[in-house]
Amino acid sequence: QVQLVESGGGSVQAGGSLRLSCSASERLYRDFCLAWFRQTPGKLREGIASISRAGTTYYADSVKGRTTISKDSAKNTLYLQMNSLKSEDSGTYYCAAAAGLCALTELIPNYWGQGTQVAVSS
């Protein structure tokens, strides 16, 4: 079974932190590039961080320096640690898995999670 299940979203004040988790099926975790996307109202879904099978990470400029993507092979889980949150970070965050290239500008997801909501209040 192929699946991605996000958790950890919620409401936080600006300047605060959140850690999102994505539990992946074993095949996805092992064989795919994993990534986080964000969608805000009226905007296209954008890739904000990705991590290759080898552990190479990529970040969008909008989150670079405030965000860390990581994964835990013992738990088949992907994480997104977000610090110094801003109101513009609010949105729905999706976990994704891509079979091909992992750089954010080239990544094309093959599988999506259901999304988790993040609300940052100023």
**Study point:** Shortest non-hydrogen contact from Y59 toward L104
**Key:** C-CD1, 3.5 Å

Review point. Using links of under 4.5 Å between side-chain heavy atoms of ILVMFWY residues, direct or through other members, which residues join L44 in one cluster?
Key: none

Review point. So, for C102 and S50, which heavy atoms are closest and what is the spacing to 0.1 Å?
Key: O-OG, 2.7 Å

Check your understanding: Quick one: are V120 and S90 in side-chain contact, heavy atoms under 4.5 Å?
Key -> yes

Point to revise | Euclidean distance, Y93 OH relative to C22 SG, rounded to 0.5 Å | key: 15.0 Å

Review point. Do we get R45 above Y94's six-membered ring, with its NZ or CZ under 6.0 Å from the centre and within 45° of the axis?
Key: yes

Check your understanding: Quick one: do the Q117 and T92 side chains pair a donor with an acceptor below 3.5 Å?
Key -> yes

Revision key, fill the gap. To the nearest 0.5 Å, atom CE of M82 lies from atom CH2 of W36 at 8.0 Å

Check your understanding: To the nearest 0.5 Å, what is the distance between CG (N76) and CG (L34)?
Key -> 9.5 Å

Check your understanding: Where the side chain of S52 meets the backbone of G55, is there a donor-acceptor pair that is under 3.5 Å apart?
Key -> yes

Practice item. Following the transitive rule for hydrophobic clusters with a side-chain heavy-atom cut-off under 4.5 Å over Ile, Leu, Val, Met, Phe, Trp and Tyr, establish whether I51 and V63 coincide in one cluster. Key: yes

Point to revise | Atom CZ of R30: over 12 foreign heavy atoms under 6.0 Å | key: yes

Practice item. Would you name the heavy atoms of Y29 and T77 that are closest together and state the gap between them? Key: CE1-N, 3.6 Å

Review point. Roughly how far apart are S121 OG and L85 CG, rounded to 0.5 Å?
Key: 10.0 Å

Study note, to complete from the structure: When every non-hydrogen atom of G100 is compared with those of C33, the smallest separation belongs to O-CB, 4.4 Å

Practice item. Determine, step by step, whether T116 and L20 satisfy the side-chain contact (heavy atoms from CB on, under 4.5 Å) criterion, reporting the C-alpha distance in whole Å, the side-chain angles of both residues, the deciding distance to 0.1 Å, and the verdict. Key: CA-CA 8 Å; T116 186; L20 306 182; 4.2 Å; yes

Review point. Is there side-chain contact between L101 and L107, with heavy atoms separated by less than 4.5 Å?
Key: no

Check your understanding: Think K71 forms a cation-pi with Y79, using NZ or CZ under 6.0 Å from the six-ring centre and within 45 degrees of its axis?
Key -> no

Exercise for review: Please test T67 against N83 for side-chain contact (heavy atoms from CB on, under 4.5 Å), starting from the C-alpha separation and ending with a verdict.
Suggested key: CA-CA 6 Å; T67 299; N83 303 319; over 6 Å; no

Exercise for review: Looking only at non-hydrogen atoms, find the nearest pair between F32 and A98 and report the distance.
Suggested key: CD2-C, 3.3 Å

Which donor-acceptor pairs under 3.5 Å do the side chains of residues 2-11 make with protein atoms, sequence neighbours left out?
{"from": "E6", "atom 1": "OE1", "to": "Q114", "atom 2": "N", "distance (Å)": "3.0"}
{"from": "E6", "atom 1": "OE1", "to": "Q114", "atom 2": "NE2", "distance (Å)": "3.4"}
{"from": "E6", "atom 1": "OE1", "to": "G115", "atom 2": "N", "distance (Å)": "3.0"}
{"from": "E6", "atom 1": "OE2", "to": "C95", "atom 2": "N", "distance (Å)": "2.7"}
{"from": "E6", "atom 1": "OE2", "to": "G115", "atom 2": "N", "distance (Å)": "3.2"}

Review point. With side chains defined as the heavy atoms from C-beta onward, is the minimum distance between S17 and Q81 less than 4.5 Å?
Key: yes

Check your understanding: What are the two closest non-hydrogen atoms of L80 and A49, and how far apart are they?
Key -> CD1-CB, 4.0 Å

**Study point:** A99 backbone acceptor or donor facing N110 side chain under 3.5 Å
**Key:** yes

Exercise for review: Begin from the C-alpha positions of R38 and D89 and carry the test side-chain contact (heavy atoms from CB on, under 4.5 Å) through to its verdict.
Suggested key: CA-CA 8 Å; R38 175 173 69 197; D89 292 318; 2.9 Å; yes

